[in-house]
Amino acid sequence: MEVGEPDAFDAGSVVRPAADEPERAAEAALRPRRLEEFVGQRVVRDQLSLVLEAAMARGRAPDHVLLSGPPGLGKTTLAMIIAAELGASLRVTSGPAIQHAGDLAAVLSSLDEGEVLFIDEIHRLARPAEELLYVAMEDFRVDVVVGKGAGASAIPLSLPPFTVVGATTRAGLLPAPLRDRFGFTGHLDFYADDELERVLVRSAGLLGVPLDAEAAAEIASRSRGTPRIANRLLRRVRDWAQVRGDGHLSLDAARSALAVYEVDERGLDRLDRAVLDALCRRFGGGPVGLTTLAVAVGEEPETVETVAEPFLVREGLVGRTPRGRVALPPAWEHLGLAVPVASDTLFG
Ligand SMILES: Nc1ncnc2c1ncn2[C@@H]1O[C@H](COP(=O)(O)OP(=O)(O)OP(=O)(O)O)[C@@H](O)[C@H]1O
C-alpha cells in the first residue's frame with residue numbers, strides 16, 4: 001500500500017476492516033502526513049526524528065519501533081508518518097486480525113526491502129505468531145513449515161530488511177522477548193489543551209470551517225487530552241453550526257452542540273458518567289472488579305479499561321487498588337453526590 005492510502009492495502013483477512021467506516025475515513029482526512037505537522041508529543045517526535053534521520057543517513061532500515069499509549073493519541077498516524085518520512089510503503093495489520101502464524105508468515109514473506117509493517121494492537125497477537133515475529137524481527141527470517149506430523153520440516157526463508165512499527169494500548173502485556181526486539185519505544189501521553197487547540201485549528205482549516213479561538217479552547221478542554229476526540233467533537237460542532245446555526249463555529253455553537261452530544265464541561269461522556277454512576281450509586285464507591293463494573297455499564301472490560309478508565313484515573317475521579325476500582329471524592333462531587341464519610345479513611 002502507498003503511504004497516504006491507509007485503507008488501500010489488501011491482503012485478505014489480516015487487514016483490519018477500515019475502508020468502509022465513515023468515521024475512519026473522516027479521521028484519515030485529518031491525519032498529519034509528516035512529522036513536522038504532528039502536533040505535540042515533542043519528546044517522542046524528537047527521538048523518532050533522530051532514529052529516522054540516522055537510519056536514512058546510513059541507508060538502512062531503522063530499528064523496529066514500538067508505540068504505546070491510550071487510544072486516539074496518534075499511534076497509527078505516527079506509523080504512517082514513519083513510512084512517509086522514510087519514503088517507504090506501509091503495510092497495515094493488527095494483532096487480532098492475525099489468527100494463525102501462517103497469516104503473519106504470508107505478510108512477512110511478501111514484504112519488499114525497506115517496507116514498514118504496522119501491527120496495531122500488537123499485544124493481542126497469538127503466541128505462535130508472536131514467536132514467529134521475534135525471529136523475523138531479529139534475524140529477518142521466517143521458517144516455513146512444510147508437511148505435517150513427524151515428516152514436517154522447516155525451510156528457512158530469508159527476508160529483506162524491513163521495519164516493524166507496533167502499537168499497543170497495553171505495553172505491560174507484551175512479553176519481554178517481544179518488547180526487547182524493538183530498538184525504540186515511544187510512549188504517547190495525553191495532550192495539553194493548547195496542543196489540542198492547535199490540532200483543532202489545523203483540522204478546521206482542512207475542513208474549511210470557520211472556528212473561533214474561544215470555541216477551539218472550549219472543544220479542547222472537553223476532549224480528554226485526545227486528538228481523536230477533539231476532531232470528533234469538532235465535526236459534531238460543525239454539524240450543529242450547519243444545521244442549527246449559521247455555519248460559524250462560535251463558543252455558543254460549541255457549547256450547544258456539546259450539550260446535545262452529552263459531553264460535559266469536564267469532557268466526560270456517557271460511558272464515563274455511567275462508570276462513575278455505577279461505582280458510586282451501585283457499588284457504594286467500590287472497590288469493585290473491572291469485569292463486574294463493565295457488566296454494570298454494559299460494556300466490554302477492555303473498553304472500560306482502555307477507553308474510559310485512563311482518563312478517569314488521570315482526572316483523579318477513579319482509583320485502582322489491588323481489590324478493584326474505587327470512586328475518589330471528586331467522582332461523588334462530579335455527580336452532585338455527598339462524599340461518604342467512610343471514603344476519608346478509604347482514600348486517606
Ligand atoms: N499529534 C497529532 N496532531 C494532529 N492530529 C493528530 C495527532 N495525533 C492524532 N491526531 C488525529 O487523531 C486521530 C486519531 O489518531 P490515530 O488513529 O493515529 O490514533 P491511535 O493512537 O492510533 O489510536 P488507536 O490506538 O485507537 O488506533 C487521527 O485522525 C489524527 O488526525
Side-chain angles (χ1 to χ4, degrees), residues 3-7 15-19 21-49 65-85 90 92-97 116-125 165-171 173-174 185-207 211 216 219-220 223-236 238 271 300 302-311:
V3 172
E5 295 172 20
D7 305 327
V15 179
R16 69 174 173 207
E21 294 172 29
E23 185 71 21
R24 283 272 171 200
E27 264 187 14
L30 299 177
R31 275 188 208 288
R33 307 274 174 212
R34 307 301 293 227
L35 212 44
E36 65 190 23
E37 287 176 65
F38 192 83
V39 175
Q41 309 290 347
R42 205 176 50 78
V43 174
V44 172
R45 226 180 43 213
D46 287 352
Q47 292 170 340
L48 203 50
S49 128
V65 173
L66 180 65
L67 300 170
S68 71
L73 298 193
K75 298 182 293 298
T76 305
T77 304
L78 270 183
M80 292 175 178
I81 288 176
I82 289 171
E85 294 288 340
L90 178 75
V92 181
T93 187
S94 74
V116 174
L117 173 63
F118 176 52
I119 308 179
D120 203 2
E121 296 186 77
I122 194 167
H123 60 276
R124 294 178 63 187
L125 271 179
V165 177
T168 178
T169 48
R170 315 272 305 272
L173 286 188
L174 277 194
T185 299
H187 180 75
L188 301 190
D189 228 322
F190 289 107
Y191 290 65
D193 284 358
D194 63 317
E195 293 171 334
L196 290 180
E197 282 176 47
R198 279 162 49 212
V199 170
L200 287 163
V201 168
R202 176 182 174 276
S203 300
L206 289 171
L207 293 171
L211 172 69
I219 300 171
S223 297
R224 311 168 48 164
T226 307
R228 169 176 293 141
I229 296 176
N231 283 339
R232 197 177 286 160
L233 296 184
L234 177 70
R235 294 197 297 273
R236 299 295 75 82
R238 176 195 57 178
L271 174 62
E300 292 295 320
E302 187 169 347
T303 306
V304 172
E305 192 174 25
T306 61
V307 179
E309 204 173 72
F311 179 67

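For ligands, and for the atoms within them, numbers begin at 1 and follow the listed sequence. Remember, predicted model here, so these are calculated numbers, not experimental data.
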Chemist: Would you list the pairs meeting salt bridge (charged side-chain N to carboxylate O under 4.0 Å, His left out) in which at least one residue belongs to residues 36-49, sequence neighbours left out?
Modeler: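 Pairs touching residues 36-49 that pass the test: Glu37-Arg202, Arg42-Asp46.
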
Chemist: Pull out every atom of ligand 1 sitting under 4.0 Å from any heavy atom of Asp120, numbered as shown with elements.
Modeler: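 Every atom of ligand 1 under 4.0 Å from some heavy atom of Asp120: 27 (O).
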
Chemist: Quick one: look at Leu188 and ligand 1, take heavy-atom pairs under 4.0 Å, and tell me if it's side chain, backbone, both or neither.
Modeler: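 None of Leu188 does.
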
Chemist: Output yes when the distance from some N or O of ligand 1 to some N or O of Val199 is under 3.5 Å, and no in every other case.
Modeler: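 In this structure, Val199 places no N or O atom under 3.5 Å from an N or O of ligand 1.
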
Chemist: Say whether Arg202, considering both its backbone and side-chain N or O atoms, lies within less than 3.5 Å of an N or O atom on ligand 1.
Modeler: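 No; every N/O pair is 3.5 Å or more apart.
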
Chemist: Hey, does Phe38 come in under 3.5 Å of ligand 1, counting only N/O atoms on both sides?
Modeler: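 Phe38 vs ligand 1: no N/O contact under 3.5 Å.
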
Chemist: Write out all pairs satisfying salt bridge (charged side-chain N to carboxylate O under 4.0 Å, His left out) with one or both partners inside residues 67-76, taking only residues at least two apart or from two chains.
Modeler: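 Found none.
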
Chemist: Looking at Val39, which atoms of ligand 1 are within less than 4.0 Å of one of its heavy atoms?
Modeler: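 Selected atoms, number and element: 1 (N), 2 (C), 3 (N).
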
Chemist: Where the side chain of Thr168 meets the backbone of Arg170, is there a donor-acceptor pair that is under 3.5 Å apart?
Modeler: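 Yes, because the side chain of Thr168 sits within donor-acceptor range (under 3.5 Å) of the backbone of Arg170.
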
Chemist: Using a 4.0 Å heavy-atom cut-off, which part of Leu78 comes near ligand 1: side chain, backbone, both, or neither?
Modeler: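 Near ligand 1, Leu78 shows nothing, with every heavy atom at 4.0 Å or more.
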
Chemist: State, with a plain yes or no, whether a side-chain heavy atom of Leu73 is found less than 4.5 Å away from one of Asp189.
Modeler: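 No. Closest side-chain heavy atoms not under 4.5 Å.
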
Chemist: Donor-acceptor pair, Tyr191 side chain versus Pro227 backbone, under 3.5 Å?
Modeler: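 No; zero donor-acceptor contacts below 3.5 Å.
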
Chemist: Tell me whether Glu195 contacts the main-chain N or O of Val39 through its side chain, where contact means a donor paired with an acceptor under 3.5 Å.
Modeler: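 Not a single qualifying donor-acceptor pair exists.
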
Chemist: Going by distance only, is there an N or O of Arg31 that falls short of 3.5 Å from an N or O of ligand 1?
Modeler: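 Yes, at least one N or O pair falls under 3.5 Å.
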
Chemist: Does ligand 1 have a heavy atom under 4.0 Å from the side chain of Leu73, from its backbone, from both, or from neither?
Modeler: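 It is the backbone that gets close, since no side chain atom is under 4.0 Å.
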
